[in-house]
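Each chain gets a letter, A, B and so on, in the order the sequences are listed, and its residues count up from 1.
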Amino acid sequence: KTVCDLNLSSVLMNSNLVHRADSFFLATKMAAPLTLLLIVAVTIRAVLFRSSWAELISERVEVVSPLNAWKRVVEGLALLDLGVSPYSGDVFHETPFMIYLFHFVVDYAEIVFMVSPDLVFCLSRFLTSLKQKYALESDRYPADCLELLRSPKEMFYIPLKVAMFYLLNPFTILSCVAKSTCGLNNAIIALFILCTLKGSALLSGILLALATYQSIYPLTLFAPALLFFLQRLYIPVNLRRSSFWFFTLQYAFIYVGSLVVITGLSFFLLGSWDFIPSVYGFIFSVPDLTPNIGLFWYFFAEMFEHFRLFFICVFQINVFFYTIPLSIKLKEHPVFLIFMQIAIISIFKSYPTVGDVALYMAFLPAWSHLYRFLRNIFLVSCVLLACSALFPVLWHLWIYAGSANSNFYYAITLLFNFGQILLVSDYFYAYLRREHHLTHGLYLKKKDGTEATLVLK
Amino acid sequence: MGLLSDPNRRKALTGLLTRLNTPICIVCYLAGIVWFMGLAFEPFTLRTYMSENAMGSTMVEERFSSGERALSLAKEFDAHKRKAGGMPVEWLVKAMQSRGLEVFTQSFSRKLPFPDENKERYMVRGTNVYGILRAPRAPRTEALVITAPCSPGNTNNQAVALLLALAQYFRNQIYWAKDIIFLVNEHDLIGTQAWLEGYHHTNITGMEYSPLQGRAGSIQAALSLELSSDVITSLDLVLEGLNGQLPNLDLANLFYAFCQKLGVLCTIQGKLQRNDWDTAEGYTHAAQTMMLMVLKQACGRSWGDHGLFLRYHIEAASVRGINSFRHYKTDATTIGRLLEGMVRKLNNLLERLHQSYFFYLLPSLSRFVSIGYYMPAFGLLAVILLLRALDLWVHLGAPALAAVDGVTEAEQPSSPGVLTVLTPVVISHLTGVALYLLPVHLQEMAVEHFPVSETEAVVLTAIAIYTAGLALPHNTQRLLSGEGTEQGWKVLKLTALLYLAVLLGCTALINFSLGFILAVTLVPITASITPHIALYAVVMVLLSPAFTILYCVFIYQELIEAPVSVSEGWMLFLSVISQGILDHALYGSLVYPLLALFIYPCWLMFWNILFWN
């Protein structure tokens, strides 16, 4: 009964939240569908929470990883209550902040219900800010490109679409029902994006530090955030300008400072540095090779032990490395860069889950203007769809029926990641191509007057 | 990646695929069928070979000699069975104890969701008796199971007796490294199910049973024995298990090797092997054997007691003695030796059977087709769906995206097509849910109002809902979205095609035969369907999942050389449906829910396109 009440109260709170948001930012027309959407989303989750599926879902390796499984949080809490360090043993890998958060929050369901709308809320707002930008752009470009720019009417529905893509995405729902703490990490990243787009360098730096503290990888979002602020303050990216260095140092100071403060606080909370090897060591050295949707487990399970260190370095550098070329290429478009970075993190991180995939997929409607330039969307949709269905099937064949083996499952993992990479690179190409058309006109002609096509090589 | 990024080549390829779509699809379909039929042609198949080292190189010498004693035991058992009017539990316990086994019993009871008219049972109550022979040579962490069902009437007495005789003989040998469990189960599969659930501490089907008092190690392999006569002419090997799962091919190889060694005639699907593969008769024979295997596997039920073991990761097969009018007879001693040899080789295993294939089809006992050879046949059929989807996608252009995602995500941003697609999808699936839930739940009401028995009520309700589903969707679709557009049905068809492709793909991975049979019937009509053609409606109904089952019944009867008339076929069809529902409720077979919750709704989506307006 209490769960039911909590659900009810959270629904009420959510709708309150939306109503307040509404009066500030959104036209009255948006409130009704958004509220409806929230009610639908919360209902689906509430129903699933109470059904027998919840337990099954929370055991799925695609949905929870050793980093964010609720089972492990419970174990950590129990250890903490007994006065033992939660990091003794090799089960618990959450950060100290997380465990103290759960220590004080009795019922988890409520938080998850609150968090997902949070994210929507942030993203909706971030998109409203994009709107103004495009309005400004419209008079700068050649006349035939006007159809490439989004009309205000299209822009108007984007927050709703983003909300839908996140809230009704089966991946999000699964991860929420499994009580994976991935949802909280997603919320922190979303809040960070919101603060960045709102132009608050201080909050942005602090939230980025928090996100980094949670799972390290958001570190790469430092570059796009910095680029965004520089662009916003009209500071050119020029290594010889003192104003560039001044702001960069300022932002880096906020970031590193809050990271140090957060880590220090964790130390004081627990009274030991146990969490460093147990959380970050665990993320970097990948000791847990439970199958998941990522690329690490099979590779490192098959590998000879003496190559392990080398390949761990290669795999981990892979996550961070793309920041440099992408930052150079997309330095004028930091928001898109954020999307690219989040996608790359969720593909290449050491313990990915479908919750991470859902985060970057929530951005897709924001790039709906790129749709006409996408080339492989049919192929990508088919691949992602088929893989999502095949994961449980091959898991069943491998683990329960015993007739297939790990190679079958890994083949699907590879295909799934291939689909994701194709999706991201397709959006990247489409973005670049749109930029090209915006400056050179939509209908390109070759020198001899025939129609030209753009080829990416 | 050149193909994915170079627009010119992509355009050329898509152009080719859309222009030649229909011919390519037809060629693919024919190629798929021909490929499949070619699998039974001997030069295209591989000869079976023993992959497991522990069973291959070590020869064993069979010394079992008490076949005659087994036959007298069978008479004694028969007398006690008659006296007890069921399983003679006390006699069995004593008989096993006197042979030096640790004996335990397990009682179980199960109320069927509705009466099973084939086997005439509703409230099932029974007892399993099992004896454990502890391994003298090893730490008793692993076990083998030999099981014989105690069936009503005269059947299977010899099997139980041979089991006891083997137990007595095995008890005196010193080489056992694995515990051997001798299990006599009552009420065939229900007893096996109760025993397995008790052994593994699970309860997945709501069976009531008493916990097992004695256990052995983890079970490595199991053999089920069915024997109803003193002498036999041939032994038949049954492999098909629950949900079309098959044991490791090495188990079949082992059986075949011992049949060769002891000169016992062995069959599979009741068909002897022929050597004249290059004649038409030889090929037809192999094709029939393979088709029988495909049909049996597709129906997803367990074709012997072994079928339930497979779910617990235990390799198992049934050996069935057949006594026909052939001159050449084999006595009980030889069968005992054959089992002795098999068990001894299994006893030599160092790890679970895993070396050989798990996915295979057998055109004969000495020839097999592995997954790599038969999957292309299915792939050729499935690719038609994708080609048609691609074709539609190209024609539709932009607005199709929403629909593609619409399959997985319940609702999508409001583009014009979504609601028109979503409504039929939801309604079809609700009909599917009704088909799944209502027959069993409404049986009491149906029995009250109509003069039918419970079983008939269930089957007829299922058929009624199935038929009603045909009328429902195309009426309700107008309700919400008003006039359907040209784009609307194309989006729906695209969605349905991709949905069907994913469904069939997943099905074929778990149960190739089922996936293939569904693909053969569903693909041609779903690929070619367009609205408002009366002919399509007829073909569509004739190729619907229910009719597929009906055809399979007739083909199966034809293949086992017991052809039936139309009315008999219809009765068989009804009993197949009730058996399917029962199998789902009793053992967790997945064919019924798959058909009701996924395949049928998917078919309804296509039916909806036909009446689009």
Part of Leu364(A) within contact of chain B (heavy atom distance under 4.5 Å): neither
Closest non-hydrogen atom pair between Ile173(A) and Leu168(A), with its separation: CD1-O, 3.9 Å
Donor-acceptor under 3.5 Å (Arg60(A) side chain, Ser175(A) main chain): no
Side chain / backbone / both / neither for Leu394(A) at chain B, heavy atoms under 4.5 Å: side chain
Chain A contact via Ala501(B) - side chain, backbone, both or neither, heavy atoms under 4.5 Å: neither
Minimum heavy-atom distance Thr172(A)-Tyr166(A), with the two atoms named: OG1-O, 2.7 Å
Any residue meeting ring pair (Phe, Tyr, Trp, His ring centres under 6.0 Å) with Tyr357(B), in chain and number order, not counting sequence neighbours: Phe368(B)
Contacting region of Leu390(B) [heavy-atom separation from chain A under 4.5 Å]: both
